[in-house]
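Okay, so here's the structure we're looking at.
The basis for the numbers below is simple: all heavy atoms, side chains too, and nothing from hydrogens, waters or symmetry mates. Naming convention: chains lettered A, B, ... in sequence-line order (proteins, then strands); numbering from 1 in each chain.
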Amino acid sequence: MIDLKTVRENPDRVRASQRVRGADEGLVDGLLAADETRRAVVSRADSLRGEQKTLGRSVSTASPDERPGLLERAKELATQVKAAEADQDRADAALREAQLAIPNLVEDGVPPGGEDDFVTLETVGTVPQLAAPREHTEIGADLGAIDTERGAKVSGARFYFLTGIGAQLELALVNLAMAQAERTGFTPVIAPALVRPEIMEGTGFLGAHAAEVYRLADDELYLVGTSEVALAGYHSNEILPDLPLRYAGFSSCFRREAGSYGKDTKGIIRVHWFDKVEMFSYVAADEARDEHQRLLAWEREFMDSLELAYRVIDVAAGDLGSSAARKFDIEAWFPSQGAYRELTSTSNCTTFQARRLNIRTKGEHGNEPVATLNGTLCAVARTIACLLDHHQQPDGTVYVPAALRPYLGGRELLGT
RNA sequence: GGAGGGCUCGCACAGUGGCCUAGUGCGGCGGUCUUGAAAACCGCUGUUGGGUGAUCCCCAACCGUGGGUUCGAAUCCCACGCCCUCCGCCA
């Protein structure tokens with residue numbers, strides 16, 4: 001939820017942000033108008049209520065002769081108050097709607113444009129040279145690690161079983177990620193994968209991307225697409241005395257993948273369900289930009305420990321989620337595709353999420369919303385896909401990066 | 001799934017229609033006293049919105065949430081949510 005004060009005091013900045021996102025600038029004027037209307041309506045309701053209060057007191061202390069006249073006037077006032085309060089409710093709702101329609105202010109420096117207008121900030125590592133790279137599905141099947149056929153039989157398309165070394169790989173990656181997070185000062189968290197509507201709403205996932213989210217209609221619960229949702233909701237409606245707070249959440253993640261028909265249909269790169277270790281930070285508003293860089297650095301540390309070649313991209317304004325002010329993706333090299341593919345993503349949501357979830361801290365001028373940021377440490381299924389693809393050897397084996405070996409019984413190669 | 005109890009300003013409680021403009025205790029902050037501290041005493045102590053307000057001032061709202069009754073609701077009525085206890089079922 002956007003800060004009303006910013007819109008009032010600096011509407012041009014908000015208009016510019018809308019422009020660079022390719023969003024509607026007119027929404028800003030709509031919001032300003034709704035704000036003005038609301039303030040007028042609230043003032044009126046306030047003074048009417050004040051009058052009613054005073055009159056109510058005189059009714060209770062009035063003498064029997066005065067009473068009937070006062071009561072009549074009080075009845076009149078009561079209807080006026082009721083009408084004014086109805087006006088206020090409408091104005092409140094209109095304001096909130098106008099406020100929610102505007103996405104977060106884009107951070108200075110974000111590249112303008114859409115999906116293809118990202119800027120590559122850095123390219124890291126050596127891209128492996130292979131004569132005839134095989135896809136991770138094939139390698140996974142040979143290793144007895146990934147079974148998508150039975151995944152489809154049991155659960156449908158975009159589901160899978162991890163078996164044998166595949167299952168061990170998942171546990172190894174999760175342990176490696178959690179060990180790094182703990183070393184860095186994150187509190188490990190196992191988070192619920194089902195959340196209430198207001199939490200899902202508050203994190204901004206029921207806006208433009210509502211079709212992506214699984215909903216359990218019988219229970220008014222949603223399946224999370226990332227533990228970011230639960231970790232953001234964790235401190236909702238709280239005033240946080242000590243910042244920063246950093247959590248590393250592990251949970252299953254569920255995505256309907258509506259509208260991605262035909263994309264990545266093979267293998268476990270794009271699936272309806274996967275497990276993920278997610279970093280989530282609560283920081284003071286003026287710390288957000290630095291924290292974002294730190295999250296990116298920790299994501300890179302994990303990529304480096306897996307010995308992957310990757311690039312870091314600065315996602316363009318038009319491709320940002322509504323909560324994000326800026327987003328960096330790390331895309332790792334998939335030899336079989338001859339392309340970089342997204343493995344992790346870190347977003348600075350500034351105070352946008354916190355304002356909606358009512359998460360504050362004691363500031364110099366009273367309670368102020370905190371900033372929230374999230375970053376992927378390890379999206380397991382996709383990381384396994386990348387590891388098999390990236391570290392495949394000509395003889396059909398798969399190289400195990402040194403950092404992962406302690407979690408796999410010291411194995412240096414898979415498939416021997 | 002069934003039965004019962006609860007939800008009030010950080011915490012514990014009081015408050016069953018108008019002296020509630022929500023009180024008391026604890027905690028916290030400031031002060032008096034003290035070489036210092038404790039104790040004692042005194043004062044302060046929540047959130048939100050509005051007033052052409054930026055720590056003061058004034059007004060309004062907030063007693064789990066949403067409706068309703070009433071001139072007037074923490075208090076009465078209805079619905080819902082959550083927590084706790086017990087029973088049943090269960091990894």
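Nearest to the side-chain atoms of A:R196 among the listed nucleotides B:rC82, B:rU69, B:rU48 stands B:rC82. Closest to the side chain of A:K82, out of B:rC71, B:rU47, B:rU69, is B:rU69.
Pair assignment for B:rU69: none, as no Watson-Crick or G-U wobble contacts are both less than 3.5 Å. When both pairing distances are held under 3.5 Å, B:rG53 makes no Watson-Crick or G-U pair with any nucleotide shown. The partner of B:rU21 cannot be assigned: no Watson-Crick or G-U wobble pair with both contacts below 3.5 Å exists in any strand. Here B:rA3 sits opposite B:rU85 as a Watson-Crick or G-U wobble pair (both hydrogen-bonding atom distances under 3.5 Å). Across all strands shown, B:rU34 has no partner, as no Watson-Crick or G-U wobble contact with both distances under 3.5 Å is found. B:rG27 and B:rU45 make up a base pair, with Watson-Crick or G-U wobble contacts both under 3.5 Å. Applying the Watson-Crick and G-U wobble criteria (two distances, each under 3.5 Å), B:rC63 pairs with nothing in any strand.
Comparing A:G50 and A:I239 along RNA chain B, the residue whose closest nucleotide (by nearest heavy atom) sits nearer the 5' end is A:I239.
One atom, CG of A:D3, and another, P of B:rU48, lie 13 Å apart when rounded to the nearest Å. Distance A:L221 CG to B:rG81 C1': 12 Å, rounded to the nearest Å. The distance from atom CZ of A:R49 to atom P of B:rG72 is 13 Å, rounded to the nearest whole Å. Atoms CG (A:N358) and P (B:rG46) sit 17 Å apart, rounded to a whole Å. Summarising the geometry, the separation between CD on A:E238 and P on B:rG10 is reported as 13 Å, rounded to the nearest angstrom. The distance from atom CG of A:L48 to atom C1' of B:rA61 is 14 Å, rounded to the nearest whole Å. As rounded to whole Å, 16 Å separates atom C1' of B:rG72 from atom CD of A:Q80. With rounding to whole Å, A:E76 atom CD is found 12 Å from B:rC71 atom C1'.
Across B:rG50 and B:rC13, the matching C1' atoms stand 34 Å from one another, rounded to whole Å. Rounded to whole Å, the C1' atom of B:rU52 lies 15 Å from the corresponding atom of B:rC58. Remark: the separation of the P atoms in B:rA14 and B:rG51 is 40 Å, to the nearest Å. Between B:rC77 and B:rU16, the distance separating the two P atoms is 14 Å to the nearest Å. Nucleotides B:rC83 and B:rG30, compared at atom C1', are 37 Å apart to the nearest Å.
A salt bridge links A:R289 and A:E107; the closest N-O separation between the charged side-chain nitrogens and carboxylate oxygens is under 4.0 Å. Looking at A:D35 and A:R38, no side-chain N of the basic residue comes within less than 4.0 Å of a carboxylate O on the acidic one, giving no salt bridge. By the 4.0 Å N-to-carboxylate-O rule, A:E76 lies close enough to A:R73 to be salt-bridged with it. A salt bridge does not link A:R255 to A:E212: none of the charged nitrogens lies less than 4.0 Å from a carboxylate oxygen. The existence of a salt bridge linking A:K82 and A:E85 is excluded, since no basic side-chain nitrogen approaches an acidic carboxylate oxygen closer than 4.0 Å.
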What does the list of N/O pairs under 3.5 Å between the protein and nucleotides 63-66 of chain B look like, with a distance for each?
none

Table of protein N/O atoms under 3.5 Å from nucleotides 49-53 of chain B N/O atoms:
from: B:rG49; atom 1: O2'; to: A:R38; atom 2: NH2; distance (Å): 2.9
from: B:rG49; atom 1: N2; to: A:D46; atom 2: OD2; distance (Å): 3.0
from: B:rG50; atom 1: OP1; to: A:R8; atom 2: NH2; distance (Å): 2.9
from: B:rG50; atom 1: O2'; to: A:S43; atom 2: OG; distance (Å): 3.2

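A:T376 and A:K276 form no side-chain donor-acceptor contact under 3.5 Å, judged by distance and modelled atom types alone.
For A:R360, a side-chain nitrogen or oxygen approaches OP1 or OP2 of B:rU48 to under 4.0 Å.
A:Q52 comes within 4.0 angstrom of the backbone, heavy atoms only, and of no base.
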From CA spacing to verdict: side chain to side chain donor-acceptor pair (under 3.5 Å), A:E51, A:Q80: CA-CA 11 Å; A:E51 212 180 314; A:Q80 282 178 286; over 6 Å; no

Full working for side chain to side chain donor-acceptor pair (under 3.5 Å) between A:D329 and A:S345: CA-CA 4 Å; A:D329 285 357; A:S345 178; 2.8 Å; yes

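By the ring pair (Phe, Tyr, Trp, His ring centres under 6.0 Å) test, A:Y214 pairs with no residue at all, sequence neighbours left out.
Judged purely by atom type and a 3.5 angstrom limit, A:Q392 uses its side chain to pair as donor or acceptor with the backbone of A:R134.
Side-chain rings of A:H235 and A:F280 stay apart, their centers remaining 6.0 Å or farther from each other.
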